[in-house]
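Below is one structure, written out as structure tokens; comments come after it.
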Amino acid sequence: MKILEVIQRSAEFLTKRGVSSPRLQVELILAHVLVMPRMRLYLSFEQLLTEPQLAAIRSFVQRRGNHEPLQYILGVTSFCGLDMTVNPRVLIPRPETELLAERAWKYLLSLSESSVAPVSALDFGTGSGCIAVAMAAHAPNAQISALDISDEALSVARENAARHKTQVLFYLGNGFSALPEGAHFNLIVSNPPYISKTEIETLDLDVRDHEPHGALDGGIDGLDYYRLLAGEAPRFLLPGGCLMVEFGDGQAGDIQTILEQQNWIVEAVEADYTQRLRILIARCGSV
Ligand SMILES: C[S@@+](CC[C@H](N)C(=O)[O-])C[C@H]1O[C@@H](n2cnc3c(N)ncnc32)[C@H](O)[C@@H]1O
């Protein structure tokens with residue numbers, strides 16, 4: 001079978017299964033299997049595919065037809081210009097989280113310029129390690145630590161740190177209890193689980209049925225981890241330290257209230273590239 005025919009048939013199949021952008025999805029699968037840039041497919045429509053190539057494509061298209069996210073099928077996604085290994089044990093890094101990572105490494109770079117002591121950051125709930133690895137890659141003089149409650153997620157995060165030749169200290173455990181005695185940071189950054197229990201059932205099938213619920217579930221109102229960070233993060237911040245968090249639609253006001261009740265000073269609430277409020281930056285008034 002020729003490339004064009006495979007694209008057309010597979011896109012038709014994905015359309016029937018209710019997958020969005022079906023043709024693009026198929027083209028990305030073919031580009032991956034054939035190890036060629038997607039645009040080159042357009043110059044190769046008449047190329048005949050071998051049986052092993054067709055078998056691989058069929059299996060990937062079948063999986064995508066079952067709403068498995070393309071990133072899990074391909075095993076990789078891009079984050080801040082870095083390829084990150086992903087599998088169903090970790091949340092797929094989202095484009096909006098790139099903004100949080102960028103804010104974080106720029107803050108570390110600016111601190112490094114004005115400080116002789118090494119600067120440090122903790123990524124709370126690191127998942128694939130995307131934020132921690134991006135910080136370590138872009139602010140190479142900073143000491144980056146990361147924690148997660150999932151051992152399986154940490155093994156993906158370790159793989160990503162190695163993939164980009166970055167040094168990140170990883171800790172396994174429930175929240176701050178994962179950290180060694182005396183750990184303190186200039187910055188704590190987190191994209192915690194923030195979906196409310198009721199909302200989880202209403203998510204797209206790709207997310208609801210395939211991404212780890214431990215990475216999504218933020219408790220009854222989705223705000224459990226902000227309460228935890230508001231209450232516990234000050235003990236792990238150096239004087240003048242900073243907290244940067246990502247949050248979901250409509251949560252900004254509640255999170256600001258939670259933090260202010262715990263004596264935090266909210267310095268900024270920023271929107272992502274779709275103009276949705278997405279990031280909050282705060283300093284602890286009592287530190
Ligand atoms: C929304 S995901 C974020 C992953 C990654 N930082 C990102 O931005 O793509 C949240 C992560 O927090 C971890 N997590 C959930 N509860 C935790 C806890 N009590 N202690 C530590 N990590 C936790 C989950 O395993 C998951 O990897």
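Note that ligands are numbered from 1 as they come in the structure, with each ligand's atoms numbered from 1 the same way. As the structure is a computational prediction, the values presented were derived from the model and not from experiment.
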Below 4.0 angstrom from a heavy atom of [X], which ligand 1 atoms are there? Numbered from 1 as shown, please.
| X | answer |
| --- | --- |
| L147 | 21 (C) |
| P192 | 1 (C) |
| G173 | 20 (N), 21 (C) |
| G214 | 15 (C), 24 (C) |
| I131 | 6 (N), 8 (O) |
| T97 | 8 (O) |
| L91 | 1 (C), 9 (O) |

Quick one: do the [X] and [Y] side chains pair a donor with an acceptor below 3.5 Å?
| X | Y | value |
| --- | --- | --- |
| E199 | S196 | yes |
| E260 | Q256 | yes |
| E98 | Y273 | no |

Taking both backbone and side-chain atoms of Y225, is any N or O found less than 3.5 Å from an N or O belonging to ligand 1?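 For ligand 1, there is an N or O atom that lies under 3.5 Å from one belonging to Y225.
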Can you find an N/O atom of G175 closer than 3.5 Å to an N/O atom of ligand 1? yes
Which is closest to atom 8 (O) of ligand 1 in terms of heavy atoms, N191, D148, I92?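 Considering heavy atoms of N191, D148, I92, the nearest to atom 8 (O) of ligand 1 sits in N191.
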Given C130, G218, G127, which has its nearest heavy atom closest to atom 7 (C) of ligand 1? C130
Please write down residue, atom name and distance for the protein heavy atom closest to [atom].
| atom | answer |
| --- | --- |
| atom 5 (C) of ligand 1 | T126 O, 3.3 Å |
| atom 1 (C) of ligand 1 | A215 O, 2.9 Å |
| atom 19 (N) of ligand 1 | N174 OD1, 2.8 Å |
| atom 6 (N) of ligand 1 | G125 O, 2.9 Å |
| atom 22 (N) of ligand 1 | I149 N, 3.2 Å |

Hydrophobic cluster membership, L147 vs L187, 4.5 Å side-chain cutoff: no
In the structure I gave you, are the side-chain heavy atoms of [X] and [Y] within less than 4.5 Å of one another anywhere?
| X | Y | result |
| --- | --- | --- |
| R94 | F79 | no |
| T126 | V168 | no |
| K2 | L49 | no |
| F247 | Y226 | yes |

Ligand 1-proximal atoms of Y194, by part, heavy-atom distance under 4.0 Å: neither
What part of P212 sits under 4.0 Å from ligand 1 if we count only heavy atoms: the side chain, the backbone, both or neither? neither
Shortest non-hydrogen contact from L205 toward H210: O-CD2, 3.8 Å
Closest heavy-atom contact between D123 and A132?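 Closest heavy-atom pair between D123 and A132: OD2-N, 3.4 Å.
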Pairs satisfying salt bridge (charged side-chain N to carboxylate O under 4.0 Å, His left out), at least one member in residues 128-152, at least two apart: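 Sorted result for residues 128-152: R89-E152.
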